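Bear in mind that the values here come from a model prediction, so they are computed numbers and not experimental data.
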Amino acid sequence: MAGLDPTDWRGIRDIGHRMLDEVFDRMEHVGEGPVWRPMPSSARQALKEGLPEKGHSLDDLYGRYLDLVVPYGVGNTHPGFMGWVHGAGTPVGMLAEMLAGGLNANCGGRDHAPIEVEREVIRWALQMVGMPQDGSGCLVTGSSMANFISVITASRAQDLSIRKEGIGGRRLVGYAATTAHGCLPRAFDLAGLGSEALRRVPVLADHRMDVSALRDMIAEDRKAGFVPFMVAGTAGTVDCGAIDDLVAIEAVAREAGLWFHVDAAFGALACLSPRFQQLLAGIGKADSLAFDFHKWAQVPYDAGCVLVRDSRKHAAAFAQSLDYLVREERGLAAGAPWFCDFGPDLSRGFRALKVWMTLGHYGAGRMGEMVETCCDVAADLALRVERTNGLVLLAPVTLNIVCFGIEGLEDAEVSELVQDLHESGIAAPSTTKINGRLAVRAAIVNHRTTTVHTNRMLDAVIALRDERLKARTGR
């Protein structure tokens with residue numbers, strides 16, 4: 001056998017059309033059936049066959065996929081999924097993934113059209129958040145990598161010699177609220193700074209960073225011989241969706257000479273909403289910003305994005321000069337800077353196509369309307385929680401995340417209730433801690449979710465609560 005292409009192109013074309021029809025059928029009826037179902041041990045075992053010595057037919061593999069994979073997905077395409085901040089995807093994004101797979105472009109660099117598509121997507125992203133068009137950025141796996149790249153860039157902007165010499169005795173420290181995502185201390189850890197080098201700033205009653213405390217902490221660290229180099233604000237906290245006062249944080253950063261970073265993993269998309277964009281005032285002043293297209297923008301996984309105001313500082317943190325990767329003036333090796341100059345990855349897929357096609361098809365206006373609709377559904381859910389005896393809203397609803405407690409139940413019972421709800425297939429919220437209390441957390445990110453689905457979820461929560469209270473009292 002000379003290669004891996006099929007000898008029967010008609011046959012693979014037919015099965016490809018069957019696959020496409022099945023995907024569209026499933027998308028068209030995505031709200032039917034359970035949100036999630038546990039994967040039985042028999043299905044898990046069926047996937048443990050070891051490395052195949054001889055290949056299976058594509059028809060056989062596709063049948064196994066339909067039987068063993070499709071029924072047991074995470075459920076984020078279903079409108080009843082509202083536990084974690086997962087985008088739901090669209091038919092347009094799915095088709096773009098198929099097209100990108102067929103092209104199989106490596107977008108680490110060189111001079112070809114997929115690179116220009118990604119450059120256009122980065123220009124769109126800079127425009128969306130109000131950063132200068134001469135800034136830089138790249139598409140990555142997600143906000144965890146985007147935040148990591150931002151920490152690396154900020155630390156190298158403080159002292160570029162770190163690239164060759166390492167951290168050594170430098171006592172660099174940064175700041176983020178206690179509500180900041182766990183990927184930020186992990187980024188400090190992976191960057192060699194140490195997770196404790198990220199100082200956790202207390203928050204106010206509204207779950208936003210205490211900017212006065214931030215200012216005091218910077219001063220105290222300087223007196224103790226540390227070198228503050230960055231502060232990270234959050235636009236949409238992971239627990240309840242709060243938005244830090246980015247204007248005030250940016251002012252402190254400039255006053256103290258610190259790099260101003262914003263983690264806007266899902267909140268950045270609110271910039272497209274005329275109603276909510278003012279909540280993100282100051283985001284365009286960021287030196288770096290991390291967010292995900294695969295969350296509220298509904299682009300298929302994965303599609304994170306990092307943006308940097310100063311492209312020279314961005315490239316200085318990552319670019320390499322290697323004999324086997326010389327940039328030329330013309331030919332395929334032209335087109336510098338390459339995207340591998342802005343992050344750790346040399347091999348990079350064509351993520352930009354699904355972003356370009358999704359935003360290009362729906363447009364900024366329609367995406368902004370979708371964001372507002374999600375927030376309206378969340379506001380309706382919050383209102384119903386407040387009107388229901390035995391339920392209590394535990395945090396203000398800034399955007400699209402509703403956190404509520406259940407009176408009469410201990411934290412362990414709330415956890416069990418949510419697990420029961422998952423296994424019922426009715427809905428899939430998650431849990432989080434709000435002021436030390438376990439909350440049911442409903443994140444309305446799915447563009448398919450309506451008040452019908454949130455009402456169904458809340459009705460199920462109330463019924464499960466009543467069952468537990470009745471069993472406890474015996475009445």
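Between Ile283 and Leu289, the closest side-chain pair of non-hydrogen atoms falls below 4.5 Å. At a threshold of 4.5 Å between non-hydrogen side-chain atoms, the residues Met27 and Thr77 do not count as touching. The shortest side-chain heavy-atom distance between Cys374 and Asn446 does not fall under the 4.5 Å cut-off. Inter-residue side-chain proximity for Ser136 and Arg309 is flagged as unmet; no heavy-atom pair is nearer than 4.5 Å. Two residues are said to be in side-chain contact when any heavy atoms from C-beta on lie closer than 4.5 Å; His261 and Val306 fail this criterion. You'll find the side chain of Arg465 stays beyond 4.5 Å of the side chain of Val414, heavy atoms only. Counting heavy atoms from C-beta on, the side chains of Val452 and Met457 never come closer than 4.5 Å. Contact of the Asp239 side chain with the Ile401 side chain is not registered, since no non-hydrogen atoms from C-beta on lie closer than 4.5 Å.
The two residues Thr141 and Asp302 have their closest heavy-atom pair at O-CB, 3.1 Å. Between Leu307 and Cys305, the shortest heavy-atom contact is CD2-SG, 3.8 Å. Here the shortest heavy-atom pairing between Val371 and Ser273 reads CG1-CB, 4.3 Å. Residues Phe342 and His314 come closest through the heavy atom pair O-NE2, 2.8 Å. Across all their heavy atoms, Ala317 and Thr153 have their closest contact at CB-CA, 3.8 Å. Nearest heavy atoms, Ser347 versus Asn106: CA-OD1, 3.7 Å.
In this structure, His78 contributes its side chain and Gly31 its backbone to a donor-acceptor pair below 3.5 Å. No side-chain donor-acceptor contact under 3.5 Å links Asp189 to the backbone of Pro185. Between the side chain of Thr388 and the backbone N or O of Arg384, at least one donor-acceptor pair lies under 3.5 Å. Arg441 places no side-chain N or O within donor-acceptor distance of the main-chain N or O of Thr431, the cut-off being under 3.5 Å. A donor-acceptor pair is defined here as one N or O able to donate and one able to accept, closer than 3.5 Å; such a pair exists between the side chain of Glu118 and the backbone of Leu139. A donor-acceptor pair is defined here as one N or O able to donate and one able to accept, closer than 3.5 Å; such a pair exists between the side chain of His447 and the backbone of Gly89. Without hydrogens or angle criteria, Arg437 side chain to Phe404 main chain gives no donor-acceptor distance under 3.5 Å. Between the side chain of Thr358 and the backbone N or O of Val355 there is no donor-acceptor pair closer than 3.5 Å. For His56 (side chain) and Leu61 (main-chain N/O), no donor-acceptor pair under 3.5 Å exists by modelled atom type. Asn147 contributes a side-chain N or O that, together with a main-chain N or O of Ser143, makes up a donor-acceptor pair within less than 3.5 Å.
The 12-atom threshold is exceeded at CD of Glu49, counting heavy atoms of other residues, nucleotides or ligands nearer than 6.0 Å. By the neighbour-count criterion of 12 heavy atoms within 6.0 Å, atom CG of Asn389 is sparsely surrounded, having that number or fewer from other residues, nucleotides or ligands. More than 12 non-hydrogen atoms from other residues, nucleotides or ligands lie less than 6.0 angstrom from CH2 of Trp36.
Taken from CE in Met370 to CG in Leu269, the straight-line distance is 6.0 Å, to the nearest 0.5 Å. A distance of 10.5 Å separates SG in Cys271 from CD in Gln278, rounded to the nearest 0.5 Å. Interatomic distance, Glu369 CD to Asp376 CG, rounded to the nearest 0.5 Å: 11.5 Å. Distance check: Cys240 SG to Leu393 CG gives 10.0 Å after rounding to the nearest 0.5 Å. Going from atom CG of Asn76 over to atom CZ of Arg448 covers 9.0 Å, rounded to the nearest 0.5 Å. Atom NE2 of His86 is separated from atom CD of Gln298 by 12.5 Å, given to the nearest 0.5 angstrom.
Classification of Asp420 and Arg468 as a salt-bridged pair holds, one side-chain N sitting under 4.0 Å from a carboxylate O. Salt-bridge check for Glu423 with Arg37: failed, with every basic side-chain N at 4.0 Å or more from each acidic carboxylate O. The pair Arg119-Glu116 meets the salt-bridge criterion, since a charged nitrogen lies less than 4.0 angstrom from a carboxylate oxygen. Between Asp21 and Arg26, no side-chain nitrogen of the basic residue sits less than 4.0 Å from a carboxylate oxygen of the acidic one, so the salt-bridge criterion is not met.
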Stepwise side chain to side chain contact (heavy atoms under 4.5 Å, CB included) check, His29 with Phe24
CA-CA 9 Å; His29 300 283; Phe24 279 126; over 6 Å; no
Run the salt bridge (charged side-chain N to carboxylate O under 4.0 Å, His left out) test on Arg10 and Asp8 for me, step by step, so that the C-alpha distance in whole Å, both residues' side-chain angles and the decisive distance to 0.1 Å come before the verdict.
CA-CA 5 Å; Arg10 180 71 260 170; Asp8 178 15; over 6 Å; no
Might you work through the side-chain hydrogen bond (donor to acceptor under 3.5 Å, both in side chains) test for His422 and Gln419, ending with a clear yes or no?
CA-CA 5 Å; His422 290 175; Gln419 292 173 58; over 6 Å; no
Candidate pair Val385 and Val392, rule side chain to side chain contact (heavy atoms under 4.5 Å, CB included), full reasoning:
CA-CA 6 Å; Val385 166; Val392 56; 6.0 Å; no
Between Thr432 and Cys403, does a side chain to side chain contact (heavy atoms under 4.5 Å, CB included) hold up when you go through it step by step?
CA-CA 8 Å; Thr432 190; Cys403 296; 4.0 Å; yes
Set out, in order, the CA-CA distance, both residues' side-chain angles and the distance that settles side chain to side chain contact (heavy atoms under 4.5 Å, CB included) for Phe266 and Asp292, then state yes or no.
CA-CA 6 Å; Phe266 71 91; Asp292 290 318; over 6 Å; no
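The side chain to side chain contact (heavy atoms under 4.5 Å, CB included) with Thr234 is formed by just one residue from the set Thr179, Leu246, Asp244, Val262; it is Asp244. Here the rule is side chain to side chain contact (heavy atoms under 4.5 Å, CB included) with Val299, and of Arg351, Glu97, Lys354 only Lys354 fits it.
Between Trp84 and Phe81, the angle of the ring planes lies from 30° to 60°, which puts this pair in the tilted group.
Applying the salt bridge (Lys or Arg N to Asp or Glu O under 4.0 Å) test to Glu120 and every residue at least two apart in sequence or in another chain returns Arg123.
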